[in-house]
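For the numbers below, each heavy atom of this structure counts, side chains included, while hydrogens, waters and symmetry mates do not. If you read the sequence from its start, that first residue is 1, and numbering goes on from there.
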Amino acid sequence: MSGSEKQPVLAVILAGGANRRYDGRPKALESVGGVRIADRAIGALRQVADRVVMVANDAETFAPLGLEMRPDLQPGLGALGGIHTAVCWAEEEGYRGALVAACDMPFLAPGLLRRLIADAKRTEVVAPASASRRGLEPLCAFYGAGCRRAIETALARGDRHVTSFFSDVEVRTIGEEEVANFGDPELLFLNINTPADRKRAEAALGRARTQ
């Protein structure tokens, strides 16, 4: 395939968490504005990806979403384990990497996702800047297949932090000002971890402009 040809994009939704903060219920199947949170994320990803799949350790629970699913290759490793599974899936099937998103983000912006994909041609990780303590959002990011070895090295040394391998790969960050062009940064990366978060999302529907 030449560099000028459009490469197919694999999007992977991560749903491997235990939902402890949501009273054990599958938060991604809760609704915001009458639409399941996971369906909102899937809808955004389908606008930019050729294929949308899910990493989930409870296939029966998420079967109603109708997505192809695989469990974590190594259960119990948190979000980093999910990213590792996504990258391995992409590598196994010949994709250049995986566009990864958490299952509990109701306000993903297709425009921002397209921006991540575009920059992925030049680096291993592309992530948007955020106001989080990390300074970026690793659960709405593109990971090249070349990240696999760096992730496995981090896991081998017992480091399960979701960005533990970033120092071993090239990372490109989409700046805060550009991220804001696609919507309110506080909402773009809002995770629904608790019933209170869902209420906040419901209240924000009228101002959740995403592009």
Between [X] and [Y], is any pair of side-chain heavy atoms under 4.5 Å apart?
X    : Y    : result
L139 : F189 : no
L155 : Q74  : yes
C140 : L113 : yes
F62  : N57  : no
R122 : E170 : no
L65  : D39  : yes
D119 : I174 : yes

Using a 3.5 Å distance criterion without hydrogens, assess whether the side chain of [X] forms a donor-acceptor pair with backbone atoms of [Y].
X    : Y    : result
D197 : N193 : yes
R160 : G76  : yes
T173 : A129 : no
E68  : M54  : no
R198 : S31  : yes

Task: Same cluster (ILVMFWY, side-chain, under 4.5 Å), M69 and V53 - done: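 Yes: a chain of side-chain contacts under 4.5 Å links M69 to V53.
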
Open item on the list: Go through it in stages, so that I can follow the logic: the residues are V9 and V48, the test is side-chain contact (heavy atoms from CB on, under 4.5 Å), and I'd like the CA-CA distance, side-chain angles, deciding distance and then a yes or no.
Closed with: CA-CA 8 Å; V9 175; V48 303; 5.8 Å; no

TODO: Please test Y143 against L116 for side-chain contact (heavy atoms from CB on, under 4.5 Å), starting from the C-alpha separation and ending with a verdict.
DONE: CA-CA 10 Å; Y143 295 92; L116 297 175; over 6 Å; no

Just how far is it from atom [atom1] of [X] to atom [atom2] of [Y], taken to the nearest 0.5 Å?
X    : Y    : atom1 : atom2 : value
T163 : I83  : OG1   : CD1   : 9.0 Å
T153 : F165 : OG1   : CZ    : 11.0 Å
F182 : L108 : CZ    : CG    : 13.0 Å
I151 : C88  : CD1   : SG    : 7.5 Å
I192 : K27  : CD1   : NZ    : 9.0 Å
I37  : I42  : CD1   : CD1   : 12.0 Å

TODO: Any salt bridge (charged side-chain N to carboxylate O under 4.0 Å, His left out) involving residues 77-97? Give me the pairs, sequence neighbours left out, ordered by first then second residue.
DONE: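 Non-adjacent pairs meeting salt bridge (charged side-chain N to carboxylate O under 4.0 Å, His left out): R51-E93, R70-E92, R70-E93, E91-R148.
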
Task: Working for side-chain contact (heavy atoms from CB on, under 4.5 Å), residues F166 and L136 - done: CA-CA 11 Å; F166 276 27; L136 50 74; 3.9 Å; yes

- [ ] Take D184 and F107 through the side-chain contact (heavy atoms from CB on, under 4.5 Å) test and state the conclusion after the steps.
- [x] CA-CA 9 Å; D184 182 343; F107 300 129; over 6 Å; no

